[in-house]
Every structure is written in structure tokens, then in C-alpha cells.
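Bear in mind the structure is a predicted one, so any value in this text is a computation, not a measurement. Throughout, a chain's letter reflects where its sequence line sits, starting with A, and its residues are numbered from 1. Any value given below was found using the heavy atoms of this structure, including those in side chains, with hydrogens, waters and symmetry copies removed.
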There are 2 protein chains.
Amino acid sequence: MDRILALARAAALAVVLPVAALAQDLASWNDGATKTAIVDFVKAATTEGGPGWIAPEDRIAVFDNDGTLWTEQPAYFQAFFVFDRVKEMAPRHPEWKEQPPFKYVLENDMAGLASSGEKGLMELLAATHAGMTDEGFNDILEKWLAEARHPKSQRPYTEMIYAPMVEMLDYLRANGFQTWIVSGGGIDFMRPWAEKAYGIPPQQVVGSQIAKDYEVIDGKPQFMRKPDIFFIDDGAGKPVGIDRHIGRRPVMAFGNSDGDFQMLEYTTTGEGPRLGVIVHHTDAEREYAYDRDSHFGKLDKALDAAPERGWLLVDMAKDWSRVYPDAK
Amino acid sequence: MDRILALARAAALAVVLPVAALAQDLASWNDGATKTAIVDFVKAATTEGGPGWIAPEDRIAVFDNDGTLWTEQPAYFQAFFVFDRVKEMAPRHPEWKEQPPFKYVLENDMAGLASSGEKGLMELLAATHAGMTDEGFNDILEKWLAEARHPKSQRPYTEMIYAPMVEMLDYLRANGFQTWIVSGGGIDFMRPWAEKAYGIPPQQVVGSQIAKDYEVIDGKPQFMRKPDIFFIDDGAGKPVGIDRHIGRRPVMAFGNSDGDFQMLEYTTTGEGPRLGVIVHHTDAEREYAYDRDSHFGKLDKALDAAPERGWLLVDMAKDWSRVYPDAK
């Protein structure tokens, strides 16, 4: 009988504990209007019978990655990966010296690279991410993640994630939300580390994709990565990516740039309770301060739209007590 | 105190019940080698420390839909939907009378239609599934699902699902498996009813897809369906679809035709415990009997490969005590 009671208690804790995860778990969020608005939304979403109640199956929260879950300055981290790869491969491609966007990389010309836009980035992605198997790509990526360091902090890139946002992901999951990444970044660039960093499994990562073929090589199934863009999950592509992978309209969306505009719009114009949140980079001291004029993560149209659409602005300098997790 | 105990008991049941879901829940499966092999695999997968243990995050089971979860004769049900649509639209397309594959539909020529293959089917899909919003398509589909009847059974198509397979899905989920549909059928054709029929939510449905654009019409976000194929989730496309949507190699795969060969191959050639299962249509009396010579759901190459690859063959006539759920 004691054992049954102990089991029951353990089971009860297992069920009740998540529901008990409340605002105090957002330890890196300073008290204030932003935190209060998010916590109030989540409390209402989990209050059955209340006006803000959201059925568990509809509790879908989507997060941009670059600039929302981790730093995206002085350039997207995937761009640094591409730079390192292009430089490694350059001796075999002498024509790249004259050819944009490759020449910008070899010349460390960030502004030039930004001017070649999403399309230029995708060309670089195809050149550096294709022509090998998934396994081969993963090996290169894992090695890079272990060795590469951010130019400013000198920390591994996977330590440049935002501690307050990791807490937010945990907090939402504890309240029955499914947390998804919906990023312009490459799906295969994010998946190997997203689960460890954010607690988001591969099947909840939506991102840009190149073409792949399934091939059996020496009796072993492989995915061959091809130099063609299959899908760009940015801007108006984000709602499409959400539709393809989730098939349900999210009720919460977190972004930080104009590339998230349509995702925020799609999320917040549905019926019932909805919340859009924009991480505003106001923290030149601890991170970076930028919005309308930035090469990467430009926030202009969405910043103008935020007040009328009721999108919350997170003031990084004011709302976060720390930016990054403590160094390991 | 009583209330706390009652809560604890309810919580304990909620947690313990799923784990206790065992073979007896496969009520429509006759005792025999097939059922035993599946149950043994699942028991081993959930026995921590044992040689067949599979970590919870790796418990991914993928299911073909047509011919594996519901009937696919005398033609794919989505084909019947297309037939009905083409006939409705034909007065506005007089050219279809001479134009394959449309003419086959208007002439009720199944063999002709089958001869136009996956490509012909996709042309029909584009013509009948595009040029409208997702909302518009869903309305048409819901109406059709409510009204249309299977030509042989006269039952609604969503009642032509296999009761033993619905039990299998429940049984696997109760043992911590994530259940996914990976079908050559259209993702938007399956999602509206898959959750009710199979307990599989939209985000775990992988299927063929047409192109879509996100558009804001009168301030309301819409997905415009375009007449271009975006992805065909069949044959070698199935592992690719799995990679795109799941990003993890499944440990169990259920199929019934050569279109599932690569999915079965990809699933069962990985390391550790794996199980491939083929539903063999041997039941002319209660369902249909077909394999190598069928226009739809041809099972030839995978039937030959099954013994050497250790894929289980479900003998529908022998292994299932009933095929369909009782009529409502």
C-alpha cells in the first residue's frame, strides 16, 4: 500500500509539476510590463473555462532563431560557417576571387555580402552545404561547432544563445505549449544542436532547405545533398513553412526582424487569444544594438507595425537581467 | 485530504495507464506469429536496460496511409475525390474530353488512369486541388467526406480505416512511440480527418504537396494553392519526406506496397532494433486481395525482399479478426 501511495505521489508530481511551472522560472527576465504581459497570457491560456483559455492541441508557439534565440551579429552564425567553408574550399575554386558572393567572403566584406541578400546567401549555402551526404555535412558541422569561436565573445556559437529565451521555451513547454523553431536558417544547420541548446527536437525545427536525393550507396541509405534550393523559410515563406510542417496556426510567435513579419501577422490575426513578441536589440553593452539599419536582422516594417498590431517589444537592455548562459 | 488523494490517484492513472497498455489492446489482431513478433518488439523497446531497448526520443513509427491504414481499392480514395471534382468542373473544361488523364476520369477508365501513373495523378491533383485558398479547399473536402460513399461498401471513406491498425497506433503511442503518417497522398487531403480517425495530429502527417503562396486578402492571411507540384512523397521520396519533417530515422515502418520500399529500407537498415511491417492484402471477402498485379498499391519488389530483409508480412485474412470499425 505504501508503495502504491508512493507511486501515486510520484505520478501526481510528474503531472502536477509542469503545470506549477510559473513566472519564477523566468529568472533572467526582469519584472516589468513585458514579462507580466507574457505571463498573464500563459496563465490565461492554461486557465480552463476562462476567456484566455487555449486548448492544449492549439498551444503552438513558434520562434525565429537568428536574433531571437541566439545572436545574429556581426553576421548570421551560419554565415560564419559558410565563410570558413568557402575559405577552406577556395584553393579548388580560383574563379571565386572575382565572383560574387564568393569574393565578398574571401575579402571579409560583410556589407558586400549583405548586399547580395538572401539569394546570395543561398548560393553560398548551396556551394558549401551540398555535394556531400547528410552524414558528411554533419561531420563538418559538428567539428566546426566544437572549434569555431564568436569573433567578439570568443565563446562557442552554441553558447551565444539567449538565457531568457531558453527559460521562455522551458516555461511554455511546462505550460503545455509545443515549441517550434521557424527560421530562415538551414534546417540541417540547426537540428544537430537545437535539442541540446533549446530542448527542441529535430521534428520541431522548420528552416530553409536544399534539395536532397535518397540513394543507397554500398547497401547503406544516404541522403545526397544537391546544390538547389528547395525552400526558403523566410518572410512570406515562414507561414508557408508553418503550414507545411505544423498544419496548425500558432497562437504565439517570437521574432526579431522584418523576416518575421508575416509569421507574426499570420499568428496574431487568427481568432481567439494570440500573442506576438519582438525581441528588440537595444543592448550594445551586453549584446548588440540595432534595428532599422542593420545588414542582418533588419527591424523596420515590423517595428512600425508593432504598436497597432499589439506586438510586444522586448527591450533587451531593460527586460533581461542577463543575456547569455553562464560560461561552462 | 480526500481530494488530494483523489487527484493523486487520477494523476497516477493518467501516467500509469499508458504504460500498462499491452497486447490485449490489439483486440482485432488474432493470436499468432505476426502479433507476437510486433508485441515482442514493443515489449523489448520499452524494457530499459534490455537488448531491445529504444530510447523514448527514438521511438518513431511511420505509417503509409493508402492500403496500410485505410483501403485503397478499387482506387485511391483521393482519386475518387479527384474524379468527383473533375466531373463537377468538366463543363468549364471541354478540352478535357480528349486530354489524358482527364479523359480517363470522365470515362471512368481506371486502367487508363493507372497507366498515367503518379505523374498523371499529380496533374489531376494540381487541377482539382489548386487555384483556391486552403480554406476553400477544406470546405470542398469536408463536404465531400460527409457525402461521398465507397462504391463497394457504401460507407463514408473515413469509416474504411482498418480497426486493427487504429489499435496498433494507439498501442504504440501508449508505449511511448510517436506515430507519423508518411503517405504518397496529399498532405492537405489527410490532415483534416487524420486526427479524428487515427489520433495523428496535423504536424505528424507527411504527404505530397503542391506549391502555396502566403497572401493577405482583405486583411486576412490566406494560403493560395498553386498548380505546381512541390514534393511527391512516394518511393524514394518517402525517406526524403521523413528527413525533412522528422529529421530522425524511424525504428518502425508500416507499409503495403512498393511505394513503401525505400521507407522500409531506410527504417530497417539502421543500427539497433528495427521492425518493418507489410500489410498484405489477402482478404477478398472482407476487403480486397491483391499484390503484384494491382493498378493501385502494387506489391512486388517489396514482397520479394521481405523474407531476406526480415520484414513482417501481415496476412490480413488470417491475422485480423475484423477489418473495419463497426458502423456508427
Those residues at least two apart in sequence (or on a different chain) that pass ring-ring contact (aromatic ring centres under 6.0 Å, His included) with B/Phe177 are none

Are side-chain heavy atoms of A/Leu69 and A/Tyr198 found at a separation under 4.5 Å? yes

Residues 244-258 of chain A: residues contacting chain B (heavy atom under 4.5 Å, by number): A/Arg244, A/His245, A/Ile246, A/Gly247, A/Arg248, A/Arg249

Take B/Arg173 and B/Thr179, measure what side-chain hydrogen bond (donor to acceptor under 3.5 Å, both in side chains) needs, and give me the verdict at the end. CA-CA 7 Å; B/Arg173 284 191 294 263; B/Thr179 54; 2.9 Å; yes

Residue-level interface, residues 201-211 of chain B with chain A, non-hydrogen cut-off under 4.5 Å: B/Pro201, B/Pro202, B/Gln203, B/Gln209, B/Ile210, B/Ala211

Are A/Phe230 and B/Phe230 close enough that their ring centers fall under 6.0 Å? yes

Work out which heavy atom in B/Asp64 is nearest to a heavy atom in B/Met263; give both atom names and the distance. N-CE, 3.8 Å

Does NZ belonging to B/Lys298 count more than 12 external heavy atoms closer than 6.0 Å? no

Taking side chain as everything from C-beta outward and backbone as N, CA, C, O, which of these in A/Glu215 sits under 4.5 Å from a heavy atom of chain B? Side chain, backbone, both or neither. neither

Checking side-chain contact (heavy atoms from CB on, under 4.5 Å) for the pair A/Lys212/A/Asp188: CA distance, chi angles, key distance, verdict? CA-CA 12 Å; A/Lys212 284 186 194 180; A/Asp188 294 323; 2.9 Å; yes

Just give me the residue among A/Val216, A/Val240, A/Ile60 that pairs up with chain B most often, heavy atom to heavy atom, under 4.5 Å. A/Val240

side-chain hydrogen bond (donor to acceptor under 3.5 Å, both in side chains) against B/Trp144, all qualifying residues, sequence neighbours excluded: B/Asp84

A/Tyr266 versus chain B, heavy atoms under 4.5 Å apart: side chain, backbone, both or neither? both

Relative to A/Trp311, does A/Arg274 satisfy both conditions: NZ or CZ under 6.0 angstrom from the six-membered ring centre, and within 45 degrees of the ring's axis? no

Quick check on the 6.0 Å ring-centre criterion: do A/Trp70 and A/Phe77 meet it? yes

In terms of heavy-atom pairs under 4.5 Å, which option from B/Gln262, B/Lys238, B/Gln178 contacts chain A the most? B/Gln262

From the list B/Gly235, B/Gly270, B/Ala236, the residue making the most non-hydrogen contacts under 4.5 Å with chain A is B/Ala236

Check: A/Trp193 ring centre within less than 6.0 Å of A/Tyr157 ring centre: no

Among A/Glu265, A/Glu57, A/Lys220, single out the residue with the greatest number of heavy-atom pairs under 4.5 Å to chain B. A/Glu265

Mind running side-chain contact (heavy atoms from CB on, under 4.5 Å) on A/Leu125 and A/Gln78 for me, showing each step along the way? CA-CA 9 Å; A/Leu125 287 176; A/Gln78 191 169 4; 3.4 Å; yes

